[in-house]
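Working notes, beginning with the structure itself.
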Amino acid sequence: MLDIKRIRKNPQELIDAMAKRRGKGVDVSAFLEIEERRRKLMAEVEEKKATRNSVSADIAIKAKAKEDTEALKAAMRSLGEEIKALETELNALQAEVDAFLYRIPNIPHESVPEGSSDEDNVELRRGGTPRAFAFTPKPHWELGEALDILDFARAGKITGSRFCVLKGAGAKLNRAIISYFLDVHAGRDYHEIAPPYMVNRASMTGTGQLPKFAEDSFAVSGTDYFLIPTAEVPITNLHRDEILQAAELPIRYCGYSANFRSEAGSAGRDTRGLIRMHQFDKVELVQYTKPEDSYAALEQLTRDAEQVLQGLCLPYRVVTLSTGDLGFSAAKTYDLEVWMPSYGRYVEISSCSNFEDFQARRAQIRFRRTPGAKPELVHTLNGSGVAVGRTLAAIIENYQNADGSITVPEVLKPYMNMERIQ
RNA sequence: GGAGCGAUGGCUGAGUUGGUCUAAGGCGCACGAUUGGAAAUCGUGUUCAGGCUAAUACCCUGACGAGAGUUCGAAUCUCUCUCGCUCCGCCA
């Protein structure tokens, strides 16, 4: 959510930002008109309330002095009805203003390249080199099924499409990846969190999944809970409605969770393999920082995420998302993309974003610069560190051998107690 | 699922025969005094949001878990909901 005062003061900034995002235009002038009416009406209501408050105080004094207060009470009765009617109108306007504010995306940072889509993302750097295979590499779903470590058919039977059953060494490899990621990050000053996999509506609103993207999440029937689409939601909401102390910042968390996404609108895309699942594992990194530190933190967070790919010796690259590809809540995002032989290209495996105060304003996460100072909004950041399912796929493909076996990456051997999966 | 109790500021904790209550006291914190310096002590101050505004000044409005109601007036009375605790039941 953006600062309404900032929009009032500089509507052009918002108009320009929306143009850069190439999204459907938000009608800024219509918004400003409603907001103007809201403020006028609010002033009117407050004035009437001030009258009622002072007269009510008079009534108390007169009643004590045994004077007649019936006339005043009658006058206040009708004033009360007036106030009630105006407040109903005011609430409606407030709801309109809120609905608008909750659906405006964040303003991209000035360093974000302008563009219309992911084709305009800018490559920043690469790590490792795609392996030159002496044989024709197979996709991970073929290798996985042949080794009987991935079972899509039975997942389809017991649940449905876009689910997968991991078996034997596949399940173990998945577990090894999670443990390795957590050990790396928790060993570098990220406090480990094991969050709930369901959250309430306020949490989903706090990080920006609601109200605009309700169809992307799974709601739990009979409750007001949602399955988390990412651990970002519970971990960023950990400090919702809190005022932190400056000395506590930056706060750095890492956490593993399963993630659930409806993948509405992606029918037909990535239908084979582990790339696009309704349920997938991920280790997430989250930071809360002072505003002036957030862009340095974004660089660091991205490096921290990259480290596990380097550890696994997986070829990857880092791209800066263009304004057209930037997510709703983010001001700036770096994607980490891993080399996927079956796709013949780099595939997103992590998304590292600075949300500035966009989520903090929604979730009311603040801090005091010095004891007694006025609370200010923190900046929030997060990044995958990294997606586990896609890592599993990348390992299977990049570490495959001519005979269809998979060599276990060096750093995972201590977790696996095996050299290869065959 | 059943019964009972509770939710107040950064924290703790009064206030529930409705009326100068944003709300005592304490802790914490800030500033000052004291001190060679510190501790201790003393004094003063210290909620947040919105509106107005050049203003983080003044003034006005709102907020005592959330929402609705009664009333001239609600932390206080009524209803609904959420969360927490205790006991019972069930259960990995």
Side-chain angles (χ1 to χ4, degrees), chain A residues 1-10 31-98 100-102 194 196-206 210 219-220 222-226 234 237-249 251 258 288 290-291 357 360-378:
Chain A
M1 187 159 66
L2 298 172
D3 182 2
I4 192 165
K5 286 182 190 167
R6 179 174 170 185
I7 299 173
R8 270 192 332 234
K9 226 170 250 179
N10 191 357
F31 167 72
L32 290 174
E33 195 264 324
I34 292 167
E35 166 61 6
E36 178 65 26
R37 274 166 54 205
R38 181 188 72 91
R39 276 158 60 222
K40 268 193 179 151
L41 191 58
M42 177 179 277
E44 196 182 334
V45 169
E46 287 186 358
E47 200 183 323
K48 287 182 193 298
K49 281 186 176 174
T51 303
R52 179 172 67 183
N53 286 346
S54 71
V55 173
S56 288
D58 282 349
I59 290 174
I61 292 166
K62 286 196 159 77
K64 225 171 221 173
K66 309 265 185 221
E67 290 179 40
D68 179 48
T69 57
E70 276 315 309
L72 286 176
K73 283 187 186 176
M76 287 308 99
R77 237 190 311 271
S78 72
L79 184 63
E81 269 158 37
E82 251 180 85
I83 289 172
K84 205 170 181 180
L86 290 176
E87 265 188 333
T88 305
E89 201 181 324
L90 182 62
N91 288 341
L93 282 174
Q94 184 67 58
E96 276 189 68
V97 168
D98 287 346
F100 187 85
L101 280 177
Y102 275 116
Y197 294 176
M198 296 181 208
V199 295
N200 57 31
R201 183 173 295 274
S203 294
M204 290 290 276
T205 305
L210 291 179
V220 181
T223 73
D224 201 32
Y225 297 157
F226 298 82
N237 277 283
L238 228 40
H239 295 293
R240 169 153 54 84
D241 296 321
E242 291 184 15
I243 299 175
L244 305 162
Q245 295 171 331
E248 297 178 78
L249 300 174
I251 293 175
Y288 303 63
K290 292 182 200 168
D357 61 14
R361 182 171 295 106
R362 288 176 161 236
Q364 285 299 299
I365 308 166
R366 296 176 292 173
F367 77 105
R368 283 185 214 278
R369 205 166 272 284
T370 55
K374 226 176 137 55
E376 298 174 51
L377 295 168
V378 302

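Treat the numbers as computed from the prediction; the structure is a model and nothing was measured. Proteins get letters first, then strands, A, B, ... in listed order; numbering begins at 1 in each.
In summary, the side chains of A:Ser203 and A:Asn200 do present a donor paired with an acceptor at a separation below 3.5 Å, with no hydrogens or angles considered. A side-chain donor from one of A:Asp98 and A:Gln94 sits under 3.5 Å from a side-chain acceptor of the other.
As rounded to whole Å, 19 Å separates atom P of B:rG65 from atom CG of A:Asn200. For the pair A:Lys84 NZ and B:rG69 C1', the interatomic distance rounds to 8 Å; values are reported in whole Å. To the nearest angstrom, P of B:rU56 lies 14 Å from CD of A:Glu376. Atom CZ of A:Arg369 and atom C1' of B:rA30 are 18 Å apart (whole Å). Rounded to whole Å, the distance from CD on A:Gln94 to C1' on B:rU61 is 13 Å. In this structure, CG of A:Asp224 is placed 14 Å from C1' of B:rG67, rounded to the nearest angstrom. One atom, CD1 of A:Ile243, and another, C1' of B:rC48, lie 7 Å apart when rounded to the nearest Å. In this structure, A:Glu87 places its CD atom 14 Å from C1' of B:rG67, rounding to the nearest Å.
When side chains are defined from C-beta on, A:Lys49 counts as touching A:Arg52, because their heavy atoms get closer than 4.5 Å. Looking at heavy atoms from C-beta onward, A:Ile4 lies out of side-chain contact with A:Phe100 at the 4.5 angstrom threshold. With a 4.5 Å cut-off on side-chain heavy atoms, A:Lys290 and A:Arg369 count as touching. Here the side chains of A:Arg39 and A:Arg8 are in contact, with some heavy-atom distance below 4.5 Å.
Using P as the reference atom, B:rA23 and B:rC64 are 14 Å apart when rounded to the nearest Å. Distance check on atom P: B:rU56 versus B:rC48 gives 13 Å, rounded to whole Å. B:rA39 sits 39 Å from B:rA49 when the C1' atoms are compared, rounded to a whole Å. B:rC77 and B:rU17: their P atoms are spaced 7 Å apart (whole Å). The gap from the C1' atom of B:rG18 to that of B:rG32 amounts to 42 Å, rounded to the nearest Å. Annotation: B:rA74 and B:rU82 have their P atoms spaced 26 Å apart (nearest Å). The gap from the P atom of B:rG9 to that of B:rG15 amounts to 16 Å, rounded to the nearest Å. Taking atom C1' on both nucleotides, B:rU47 is separated from B:rA30 by 15 Å, rounded to a whole Å.
A sub-4.0 Å separation between OP1 or OP2 of B:rG51 and a side-chain N or O of A:Arg8 is present. OP1 or OP2 of B:rA49 has not a single side-chain nitrogen or oxygen of A:Arg361 nearer than 4.0 Å.
Two residues, A:Asn91 and A:Ala57, neighbour RNA chain B, and the one matched to the more 5' nucleotide by heavy-atom proximity is A:Ala57.
Without hydrogens or angle criteria, A:Arg362 side chain to A:Tyr102 main chain gives a donor-acceptor distance under 3.5 Å. Panel note: side chain A:Arg240, backbone A:Ala363; no donor-acceptor pair is recorded below 3.5 Å. Looking only at distances, no side-chain donor or acceptor of A:Arg38 sits under 3.5 Å from a matching main-chain atom of A:Leu93.
Contact annotation for A:Arg366: backbone-only contact, meaning every heavy-atom pair under 4.0 Å involves sugar-phosphate atoms and none involves a base.
For residues 39-54 of chain A, proximity to RNA chain B is found at A:Arg39, A:Met42, A:Glu46, A:Lys49, A:Ala50, A:Arg52, A:Asn53, defined as any non-hydrogen atom under 4.0 angstrom from a strand atom. Residues of residues 58-76 of chain A that place a heavy atom closer than 4.0 Å to RNA chain B, in numerical order, are A:Ile59, A:Ala60, A:Lys73, A:Met76.
The environment of A:Gln364 atom CD is dense: over 12 non-hydrogen atoms of other residues, nucleotides or ligands sit within 6.0 angstrom. Within 6.0 Å of CD in A:Glu248 there are more than 12 heavy atoms belonging to other residues, nucleotides or ligands. The number of heavy-atom neighbours closer than 6.0 Å to OH of A:Tyr225, taken from other residues, nucleotides and ligands shown, is 12 or below.
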Open item on the list: Quick one, A:Glu81 with A:Arg77, criterion salt bridge (charged side-chain N to carboxylate O under 4.0 Å, His left out). Give me CA distance, side-chain angles, the key distance, then yes/no.
Closed with: CA-CA 6 Å; A:Glu81 269 158 37; A:Arg77 237 190 311 271; over 6 Å; no
Open item on the list: For Watson-Crick and G-U wobble pairs within 3.5 Å on both distances, what is RNA chain B written in dot-bracket notation, | included for inter-strand pairing?
Closed with: ((((((((.[[[..)...(.....]]]((((((.......))))))(((((.......))))).[[[[[..)....]]]]])))))))....
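Taking only side-chain atoms of A:Arg77, from C-beta outward, the nucleotide of B:rC48, B:rG51, B:rC72 with the closest atom is B:rC72.
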